[in-house]
Amino acid sequence: MNSDLKKILDSDTDGLVSYEYLANHIDSCQDVINDIIENIIRVDKTGQFDASTARYLNAIDKETFAEYISRLIAAAIEKDREHRYLGDLLQGIWGEDYAKHVDELNAKDDNFRRIYKRLFPKGF
């Protein structure tokens, strides 16, 4: 990572700066994407930019960015205690018809299961 990028990431207080950098340089930042993702996870206290970045990378190329998407979703689950952003992940990551595939997705995707369980707890 060059010193200019380090300064940019160090100035980030909530994940927005890192998210914008990633979005504006997605075609040329493959060698530092891990550093950018780690910074977003580190500075985002609410899960907002974790979730937004996961949705963005999923829309760009879900197979190429699968590792990062999974890490970002896991971070959003831990941080979004008020469930402001988790609902957007269901449709944004697993598709508009995710509700038709709940059992299948619960069985094969831990992040989906964790989000769904939080948003739709049984027994209440």
Side-chain angles (χ1 to χ4, degrees):
M1 174 176 14
N2 67 39
S3 61
D4 290 337
L5 178 56
K6 182 156 178 41
K7 286 178 189 174
I8 291 169
L9 297 180
D10 287 346
S11 73
D12 196 355
T13 60
D14 61 4
L16 176 60
V17 172
S18 299
Y19 175 84
E20 287 178 338
Y21 183 89
L22 179 68
N24 291 329
H25 298 89
I26 192 67
D27 292 329
S28 62
C29 70
Q30 300 308 309
D31 58 332
V32 293
I33 192 168
N34 190 62
D35 295 321
I36 297 167
I37 298 301
E38 284 299 316
N39 199 65
I40 292 169
I41 292 171
R42 181 178 59 80
V43 300
D44 183 4
K45 304 299 184 223
T46 65
Q48 177 182 6
F49 293 104
D50 296 325
S52 294
T53 306
R55 288 192 326 270
Y56 172 71
L57 292 175
N58 189 73
I60 297 295
D61 187 339
K62 65 182 175 183
E63 283 82 26
T64 298
F65 299 119
E67 171 196 347
Y68 305 116
I69 294 166
S70 181
R71 287 174 30 207
L72 288 158
I73 293 171
I77 292 168
E78 294 302 317
K79 296 173 190 176
D80 187 10
R81 297 292 178 201
E82 296 179 12
H83 305 154
R84 291 181 181 166
Y85 314 108
L86 294 181
D88 293 338
L89 285 172
L90 290 175
Q91 188 173 2
I93 301 296
W94 292 281
E96 292 181 18
D97 65 342
Y98 76 88
K100 295 178 183 176
H101 307 283
V102 169
D103 292 335
E104 174 190 344
L105 291 167
N106 271 326
K108 73 176 187 178
D109 192 311
D110 189 52
N111 280 331
F112 179 87
R113 182 190 56 75
R114 291 175 64 208
I115 293 171
Y116 198 81
K117 185 177 172 182
R118 287 185 189 201
L119 295 179
F120 305 102
K122 293 182 180 178
F124 290 103

(message) For Y56 and L72: C-alpha separation, side-chain torsions, deciding distance, then whether side-chain contact (heavy atoms from CB on, under 4.5 Å) applies.
(response) CA-CA 11 Å; Y56 172 71; L72 288 158; over 6 Å; no

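Across all non-hydrogen atoms, the minimal contact from D50 to D44 is N-OD2, 2.8 Å. L57 approaches F65 most closely through the heavy-atom pair O-CD1, 3.7 Å. Of all heavy-atom pairs spanning A54 and I73, the tightest one is CB-CG1, 3.8 Å. Here the shortest heavy-atom pairing between G47 and A76 reads O-CB, 3.9 Å.
By the rule that hydrophobic residues join a cluster once side-chain heavy atoms approach within less than 4.5 Å of another member, L5 and I37 end up as members of one cluster. The hydrophobic clustering, which links ILVMFWY residues whose side-chain heavy atoms are closer than 4.5 Å, places I41 and I26 together.
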Ignoring hydrogens and angles, write down the donor-acceptor pairs under 3.5 Å from the side chains of residues 83-90, residues two or more places apart or on other chains.
| from | atom 1 | to | atom 2 | distance (Å) |
| --- | --- | --- | --- | --- |
| R84 | NE | E82 | OE1 | 3.1 |
| R84 | NH2 | E82 | OE1 | 2.8 |

What pairs of donor and acceptor atoms, side-chain ones from residues 13-23 against any protein atom, are under 3.5 angstrom apart with sequence neighbours left out?
| from | atom 1 | to | atom 2 | distance (Å) |
| --- | --- | --- | --- | --- |
| D14 | OD1 | L16 | N | 3.0 |
| S18 | OG | D12 | OD2 | 2.6 |
| S18 | OG | N39 | ND2 | 2.8 |

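Partners of R113 under the side-chain hydrogen bond (donor to acceptor under 3.5 Å, both in side chains) rule, at least two apart in sequence or in another chain, are D110. Considering only residues two or more places apart in sequence or on other chains, Y116 meets the ring pair (Phe, Tyr, Trp, His ring centres under 6.0 Å) condition with F112, F120. Remark: R55 pairs with no residue by the salt bridge (charged side-chain N to carboxylate O under 4.0 Å, His left out) rule, at least two apart or across chains.
Rounding to the nearest 0.5 Å gives a distance of 11.5 Å between CD of Q48 and CD1 of I40. Distance check, rounded to the nearest 0.5 Å: CD1 of I77 to CD1 of I115 gives 4.0 Å. Put simply, NE2 on H101 and CG on L105 are 7.5 Å apart, with the number rounded to the nearest 0.5 Å. Rounding to the nearest 0.5 Å gives a distance of 9.5 Å between CG of D97 and CD of Q91.
A distance-only check finds no donor-acceptor pair linking the side chain of K62 to the backbone of I93 [under 3.5 Å]. Judged by distance alone, with hydrogens and angles left aside, the side-chain atoms of S11 form a donor-acceptor pair with the main-chain N or O of I8 at under 3.5 Å. Judged by distance alone, with hydrogens and angles left aside, the side-chain atoms of N58 form a donor-acceptor pair with the main-chain N or O of G92 at under 3.5 Å.
Note on E38 versus R42: no salt bridge recorded, every NZ/NE/NH1/NH2 to OD/OE distance being 4.0 Å or above.
Inter-residue side-chain proximity for Y68 and N34 is flagged as met; some heavy-atom pair is nearer than 4.5 Å.
The list of side chain to side chain donor-acceptor pair (under 3.5 Å) pairs with a residue in residues 24-33, not counting sequence neighbours, is empty.
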